[in-house]
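As the structure lists them, so they are numbered: ligands from 1, and atoms in each ligand from 1.
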Amino acid sequence: MGYATTNPYTNQTLETFQGIGDQELDQALHTAQRTFETWRTKSFDERKEVVGRAARILRERSEEFARLPTLEMGKLYRESLDEVELAASILDYYADNAEEFLAPERVATEDPDAGEAVVVSDPIGVLFGVQPWNFPYYQLARLAGPNLMAGNVVMVKHASIVPQSAAAFERLFREAGAPEGAYTNVYASKEQVDRVIQDPRVRGVALTGSEGAGSSVAARAGEELKKSTLELGGSDALIVLSDADLDLSVERALWGRLNNAGQSCVAAKRIIVVEEVADEFLHRFSEGLAELKAGDPFDPDTSLPPLSSQSAADDLDALVEEAIEHGATVITPGEPVPEEGAFVQPRILTKVSRDNPVYDKEFFGPVALFFRAADEDEAVRIANDSSFGLGGSVFTQDTAHGAEVARRIETGMVFVNHPAWTKPNLPFGGTKRSGYGQELSEAGIQEFVNKKLINVMPTG
Ligand code: NAP
């Protein structure tokens, strides 16, 4: 499929975009490589001036930026505004902290003959990012913020359904004073993605997306002996223990399942409640779903926008049908959603057995899988019975105990009394089939730097 803006609220295609030609792509790589040679020599203060200015522009013109994801992938406008602010805060975070994170580290040694040893962090070159549509700016900020500050340059193939958001981010960096080639957006095809990964000028690959895209891109990178990071899908468990504050748990579970119309990698896709409070929780959670108001994502009264595209909505509906065919029970609490537009009816699936083919699938939208657990041990067992390992959460009033339960969950991130979320200083990443490597926090800036040892021996 080509690059196009199709409004999922109306399903009308508003604009199509020409893919990049092979020659133009080669030229873009050439420019990126050339820019890297000078960008790498800039001081942290010089790079900070550009990255910090990009954050200021995002904030000053937040409404202009926020309009595009709402138009292209149906995100509630208020959530688009929040995302613009989050992207700005990530850029600021790395602008302010990169120098400290990448400061040379002295290696302590007791041995007088070992000389002085220090580890420095060198940038490695042109990085290639392949990014998803669900957070069109946040994803780009996670890649560009740390890596531009580290002295790398970045080329991005964004998802084909958000071409205007992708171009806006490239313009942002030019307006902020970045040289041409420091941040490049390319409307590349899958074949061109393979070629870019094979190109010797590209030194690392960062993909956020589905397992299929991840395994294809990582395989190419592996053949070329290039480092990759993979931020893939998830099926996060939200565990509610018997002593949990139910008001808080229900309110946050609704947010965890429904923010971004449920299309978040760390959405609370599986809700696991211990038997004692399961009925009450399910009742209140259903009531919350019934209150959703489907409509235009630009309308401030809307709480249930369409999904990102009609095909995403059809895929999710098909998954729900498959679940029911194989014995799951469905609860449909609210009014029917509009027939026009990429809307999906919010639903809860219960009695999803282990042999149901959907048991280990990612539900990317407003549909929750609900499990009853006899006790805490069973809740943990169900949570870990997943091929994914991204995030998760535990609700209990005994927070110390919650942290102990968190240690038993096999994922990259666990939150106590809050669904998984994200902040610039919190490391983000998964284990198992949710990928490898981390973004955000200090860890995120260390992924694509060369940790170089310099060992100076005395001459006498
Ligand atoms: P996707 O289909 O994998 O697309 C992601 C990106 O990869 C897009 O730019 C896409 O391009 C490209 N792509 C797809 N197949 C490819 C291939 N074979 N070779 C090269 N590039 C390829 O994923 P999505 O449906 O857009 O995004 C949702 C997924 O991302 C979910 O599984 C979600 O959980 C995951 N996600 C993970 C994180 C995280 O941090 N762990 C964050 C956000 C989302 P086209 O658009 O042109 O197809």
Side-chain angles (χ1 to χ4, degrees), residues 1-6 17 19-20 69 72-73 75 83 86 90 128-143 155-163 165-166 185-198 205-221 228-236 259-269 307-309 311-313 315-316 319 360-365 386-392 411-413 420-422 426-441 444 447:
M1 196 188 74
Y3 286 79
T5 295
T6 299
F17 296 81
I20 191 168
E72 296 193 301
M73 48 73 65
K75 190 185 296 269
E83 184 178 339
L86 178 60
I90 291 168
F128 187 50
V130 180
Q131 297 297 327
W133 46 263
N134 61 343
F135 291 94
Y137 298 136
Y138 158 73
Q139 291 297 337
L140 304 183
R142 293 201 317 187
L143 179 68
M155 179 175 282
V156 174
K157 179 250 177 285
H158 211 329
S160 50
I161 67 168
V162 287
S165 309
N185 170 59
V186 291
Y187 294 144
S189 67
K190 306 231 161 62
E191 296 70 37
Q192 288 172 322
V193 165
D194 285 353
R195 248 178 284 144
V196 172
I197 296 171
Q198 283 162 353
V205 184
L207 176 133
T208 300
S210 60
E211 290 170 273
S215 84
S216 161
V217 162
R220 290 284 166 278
S228 61
T229 55
L230 295 182
E231 299 282 357
L232 307 180
S235 187
D236 286 8
N259 84 86
N260 211 33
Q263 303 162 110
S264 162
C265 52
V266 288
K269 292 167 191 146
L307 295 203
S308 61
S309 67
S311 65
D315 287 352
L316 184 57
L319 206 54
D360 201 21
K361 297 266 173 69
E362 182 180 26
F363 281 70
F364 221 53
S386 168
S387 56
F388 295 109
L390 195 53
T411 63
M413 304 165 271
W421 64 346
T422 182
L426 298 179
F428 195 106
T431 184
K432 296 159 85 177
R433 289 184 70 84
S434 292
Y436 51 77
Q438 283 179 316
E439 291 192 308
L440 299 177
S441 77
E447 290 285 0

Handout entry: Nearest neighbour of atom 45 (P) of ligand 1 from the list Q139, K157, Q131, E211, on a heavy-atom basis
Key = K157

Exercise for the section: May I ask you to test the L319-E362 pair for a side-chain heavy-atom distance under 4.5 Å? Expected result: no

Problem - Main-chain N/O of S308 paired to K75 side chain as donor or acceptor, under 3.5 Å - result: no

Exercise for the section: Consider every N or O of T208 and every N or O of ligand 1, then say whether any pair is closer than 3.5 Å. Expected result: no

Practice task
Using a 4.0 Å heavy-atom cut-off, say whether E191 meets ligand 1 through its side chain, its backbone, both or neither.
Solution key: neither

Handout entry: Min heavy-atom dist F428 to ligand 1 below 4.0 Å
Key = yes

Exercise for the section: Please indicate whether any nitrogen or oxygen in S160 is less than 3.5 Å from any nitrogen or oxygen in ligand 1. Expected result: yes

Exercise for the section: Examine ligand 1 and decide if any of its atoms is less than 4.0 Å from a heavy atom belonging to E439. Expected result: no

Completion exercise
The answer for which part of L232 has a heavy atom under 4.0 Å from ligand 1 is backbone

Practice task
Taking atom types as modelled, find out whether S165 and E72 have a side-chain donor-acceptor pair closer than 3.5 angstrom.
Solution key: yes

Exercise for the section: Please confirm whether K269 comes within less than 3.5 Å of ligand 1 when only nitrogen or oxygen atoms on both sides are compared. Expected result: no

Handout entry: Residue from N260, T5, T6, L307 passing side chain to side chain contact (heavy atoms under 4.5 Å, CB included) with M73
Key = N260

Problem - Distance-only polar pair, side chains of R195 and Q198, donor-acceptor under 3.5 Å - result: no

Problem - Whether Y3 and Y187 hold their rings parallel, tilted or perpendicular, with breakpoints at 30° and 60° - result: tilted

Completion exercise
F135 and N259 have their tightest heavy-atom pair at CZ-OD1, 4.4 Å

Practice task
Carefully, step by step, assess I90 and R142 under the rule side-chain contact (heavy atoms from CB on, under 4.5 Å).
Solution key: CA-CA 7 Å; I90 291 168; R142 293 201 317 187; 4.2 Å; yes

Handout entry: Residue part near ligand 1, for I161, under 4.0 Å between non-hydrogen atoms
Key = neither

Problem - Test of proximity, K190 against ligand 1: N or O pairs below 3.5 Å - result: yes

Handout entry: Polar contact flag for W133 and ligand 1 (N/O pairs, less than 3.5 Å)
Key = yes

Practice task
Examine the proximity of ligand 1 to L390 and report which part, side chain or backbone, both or neither, has a heavy atom under 4.0 Å away.
Solution key: side chain

Problem - Minimum side-chain heavy-atom gap Y436-S228 below 4.5 Å - result: yes

Exercise for the section: From atom 42 (C) of ligand 1, work out which of S210, C265, P132 has a heavy atom at the shortest distance. Expected result: C265

Practice task
Give the numbers and elements of all ligand 1 atoms closer than 4.0 Å to a heavy atom of V193.
Solution key: 20 (C)

